[in-house]
Peer 1: 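Sharing a structure here in structure tokens format.
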There are 2 protein chains.
Amino acid sequence: MARSIHVRRPATLASLAAELGVSRTTVSNAYNRPDQLSPELRRRVLETARRLGYPGPDPVARSLRTRKAGAVGLLLTENLSYAFRDPAALGFLEGLALACEGAGQGLHLVPVNPEREDVAAVHRAGVDGFVVYSVPDDDPHLAAVLSRPVPTVIADQPHIEGVDCVGIDDGTAITELAKKLITLGHRRIGVVCMRLARDRNDGFAPVERQQSAHFHVQRTRLSGLAKAFETVGVDWASVPVVERFDHSSAMGASAAAQLLDSDSQITALICTSDILALGALAEAKRRGLRVPQDLTITGFDGIVEAERVGLTTVRQPVLEKGKAAGRLLLSPSERTRPRSITLETEFLPGITAAPPRTTEERWFGP
Amino acid sequence: MARSIHVRRPATLASLAAELGVSRTTVSNAYNRPDQLSPELRRRVLETARRLGYPGPDPVARSLRTRKAGAVGLLLTENLSYAFRDPAALGFLEGLALACEGAGQGLHLVPVNPEREDVAAVHRAGVDGFVVYSVPDDDPHLAAVLSRPVPTVIADQPHIEGVDCVGIDDGTAITELAKKLITLGHRRIGVVCMRLARDRNDGFAPVERQQSAHFHVQRTRLSGLAKAFETVGVDWASVPVVERFDHSSAMGASAAAQLLDSDSQITALICTSDILALGALAEAKRRGLRVPQDLTITGFDGIVEAERVGLTTVRQPVLEKGKAAGRLLLSPSERTRPRSITLETEFLPGITAAPPRTTEERWFGP
DNA sequence: ATGAAAGCGCTAACAT
DNA sequence: ATGTTAGCGCTTTCAT
């Protein structure tokens, strides 16, 4: 196939029209409005197009003219590989992609170079709207998106005046989980969380860092925990919270180790994601701690793997979240905006939570 | 934030220029060539832009003028959800996304409605090139992509004259694996494979269906197996090959069951993907068959999960494959095209392959 | 059923 | 350092 011939666009709609001795309108109609054309002429147009190697109307020119790009932009968290390895992000992506596919819209992943603060890609994206998923509150890319005159939907981020959004009630969900642990009797806990800000901090996160966290989801989950435990008289400032920049089971394990080493009296490890919790589970096993008899461990998200091992966690409908974001963006924009969708979560009891052992039991067995 | 004001583009580069009493070139330069402008004037331009709510140059118009869309199109397998759940496809996607990100290019997922044969989306995509990943040979979308006058890279598909491609040597890799089993003594085998064509066939796949399979990867893997086993005198037509349309562990399990039920003498199950093999493993366990003592099971891909359970398989560098596709497409197009990249695979011995038990051992134990 | 005219909003030579 | 001139390739009223 002599594709090299096509490297430079060989023909345009205009040149085709000239060749055929018809107007450009007619050629355009041949492609876009077959009914506006005698079948005979249409065949001739298409035939000549093939002969001249005319590939059909240029999409970009068409977009300029129609003011429709036919694509949705997606702004993902700083680190792309992170998103592809996080089941929650992946589920969201799949849901959004499904929604776009259903509407015949492309999904344009905006290239965000984590190194440079290069917002140009946001301005360069030819899209009809944006979805922004879980980026830090102060991310300049988010600001860039909001400056573009197209509809935008944000997901898993704090509400922004005038912008549609979709998410879950992270705070309430985790508060509910915390209450279960409290009811079981846990008071001495350790917390493992994901990155709270764009600067790397693999270690303890003091309260002020928690409260000023740039990642909405993590901030909200932590404050939800704080609220629950303070209700029963636990001083939140005394609760060790360990942060990990990278989101992996290995990090969950090391964080769990750090907590267990720092305080042997801890009876429960609350993790703000299932991935981290699975790592904590591994660390417990490594130490010969039985879960849940010796140690309670909980997660968040409800990923498949977690369900398989019976992790006590909260399931959130990630696929639905992505679909909802897509629908919000693509639905015939009623003038009732902004709209806000909060999806339901579900507590999964699992088998990794139980009452804490008393100190006596620790020494003398149950 | 009064974003609704922006719903209709309020200002253009031209109107801004008029307002400022400068030429459009100057405004354009303020955005694209800061050095061509006195800092003072530039500040004035940007300032006025903000005041007028001018969001910067329209990306589509710019693309039309510069003939650069700043994005790469990706044509994925028929079913999108499939791609998001297949670790191999996902790895490819991640690698490609990484390459695009590195080059500052967007990644435009082309919406392919599995129902309709709607090729329009391919023509509508404003991209500078395409990557086509593992679609059926006769997919009309592939033809549509090739008809567009932009560079294209195909992955995991048969070579097309004049088109860059990237892949692995599926045939050789699986032949090598087959030879290991042959050396171990296996002659009576069963094969589990993924969908071979676009029509659903959950059951045995006769040789002619295998050979006319529309999915290159599956076709090649099967013929690689046939080659190896025919070498040692096994009549391939007598080897049961079971096909499954959906790609999941559950399907792998049911396919394994079908094979085991149809021939109790089978000593090894060769699966053309790890996902299927994991299902086969589960089915063996369910039946109380010990692997590998009672039954040898092998996979293909080298996904994390497979490695964790010690599956005997072939690892392919999926992430690298995606990166390579991106590089091929984005590299300063040397005129040495077409180029073809074949990545190396690696046999992973694992612990799920062993010599077959003799009939006597079957009855009387080892 | 077909054509003429008028841009969509921008950038890139080429002046000055 | 700034302006002039010419389109990029297409669709869309509005005529005929």
Peer 1: Can you see which heavy atom on B:Tyr54 is nearest to which on B:Thr12, and at what distance?
Peer 2: CE1-C, 3.5 Å
Peer 1: Got a salt bridge between A:Asp118 and A:Arg124, using NZ or NE/NH1/NH2 to carboxylate O under 4.0 Å?
Peer 2: no
Peer 1: Below 3.5 Å, does any donor atom in the side chain of A:Thr25 face an acceptor in the base of D:dT12, or the other way round?
Peer 2: yes
Peer 1: Would you indicate whether the side-chain heavy atoms of B:Val127 and B:Val110 approach each other to under 4.5 Å?
Peer 2: no
Peer 1: Which one, C:dC8, C:dA4, C:dT11, comes nearest to the side chain of B:Leu13?
Peer 2: C:dT11
Peer 1: Send over the distance from A:Arg67 CZ to D:dG9 C1', rounded to a whole Å.
Peer 2: 15 Å
Peer 1: Out of C:dG9, C:dT11, D:dT2, which nucleotide sits closest to the side chain of B:Ser38?
Peer 2: D:dT2
Peer 1: Of the nucleotides C:dC10, C:dA12, C:dT2, which one has an atom closest to the side chain of B:Thr66?
Peer 2: C:dA12
Peer 1: Taking the side chain of A:Thr12 as heavy atoms from C-beta outward, which of D:dC10, D:dG7, D:dT12 is closest to it?
Peer 2: D:dC10
Peer 1: Mind listing the closest non-hydrogen atom pair of A:Tyr31 and A:Leu46 along with its distance?
Peer 2: CZ-CD1, 4.0 Å
Peer 1: Which whole-number value in Å describes the distance from A:Glu40 CD to C:dT2 P?
Peer 2: 10 Å
Peer 1: Over how many whole Å does the gap from A:Asp58 atom CG to D:dC8 atom P extend?
Peer 2: 12 Å
Peer 1: Scan B:Leu37 against the nucleic acid and name what it touches under 4.0 Å (heavy atoms): base, sugar-phosphate only, or nothing.
Peer 2: sugar-phosphate
Peer 1: Does a salt bridge link A:Arg44 with A:Glu47, judged by any charged N lying under 4.0 Å from a carboxylate O?
Peer 2: no
Peer 1: Of all the choices, D:dG9, C:dT11, D:dC10, which nucleotide is nearest to the side chain of A:Arg62 once you look at every atom?
Peer 2: D:dC10
Peer 1: Check the pair B:Asp164, B:Arg327 against salt bridge (charged side-chain N to carboxylate O under 4.0 Å, His left out), reporting the backbone distance first and the verdict last.
Peer 2: CA-CA 11 Å; B:Asp164 287 359; B:Arg327 268 198 304 269; over 6 Å; no
Peer 1: Grab the two heavy atoms, one from B:Leu330 and one from B:Cys100, that are nearest each other, plus how far apart they are.
Peer 2: CD1-CA, 4.1 Å
Peer 1: Closest to the A:Gln36 side chain: D:dG9, C:dT2, C:dA12?
Peer 2: C:dT2
Peer 1: With the side chain of B:Asn29 defined as its heavy atoms from C-beta on, choose the nearest nucleotide among C:dG3, D:dG9, D:dT2.
Peer 2: D:dT2
Peer 1: Return the angle between end axes of the helix from C:dA1-D:dT16 to C:dT16-D:dA1, with five pairs used per end and rounding to 10°.
Peer 2: 20°
Peer 1: From CZ of A:Arg33 over to P of C:dA1, roughly how many Å is that when rounded to an integer?
Peer 2: 14 Å
Peer 1: Between A:Arg195 and A:Tyr82, is NZ or CZ placed under 6.0 angstrom from the six-membered ring centre and within 45° of the ring axis?
Peer 2: yes
Peer 1: Go through D:dT2, C:dA12, D:dC10 for me and flag the one nearest to the A:Pro57 side chain.
Peer 2: D:dC10
Peer 1: A:Leu64 has an atom CG; how far is it from atom C1' of D:dT11, in whole Å?
Peer 2: 10 Å
Peer 1: Between D:dG9 atom C1' and B:Arg124 atom CZ, what is the distance in whole Å?
Peer 2: 16 Å
Peer 1: Counting any heavy atom closer than 4.0 Å, what does B:Val22 reach on the DNA or RNA strands: base, sugar-phosphate only, or nothing?
Peer 2: sugar-phosphate
Peer 1: Side chain of B:Ser28 only, heavy atoms from C-beta on: which candidate in D:dT11, C:dT11, C:dG9 is closest?
Peer 2: C:dT11
Peer 1: Side chain of B:Arg24, heavy atoms from C-beta onward: which of D:dT5, D:dT2, D:dC10 has the nearest atom to it?
Peer 2: D:dT5
Peer 1: Using a 4.0 Å heavy-atom cut-off across all strands, classify A:Arg42 as base, sugar-phosphate, or nothing.
Peer 2: nothing
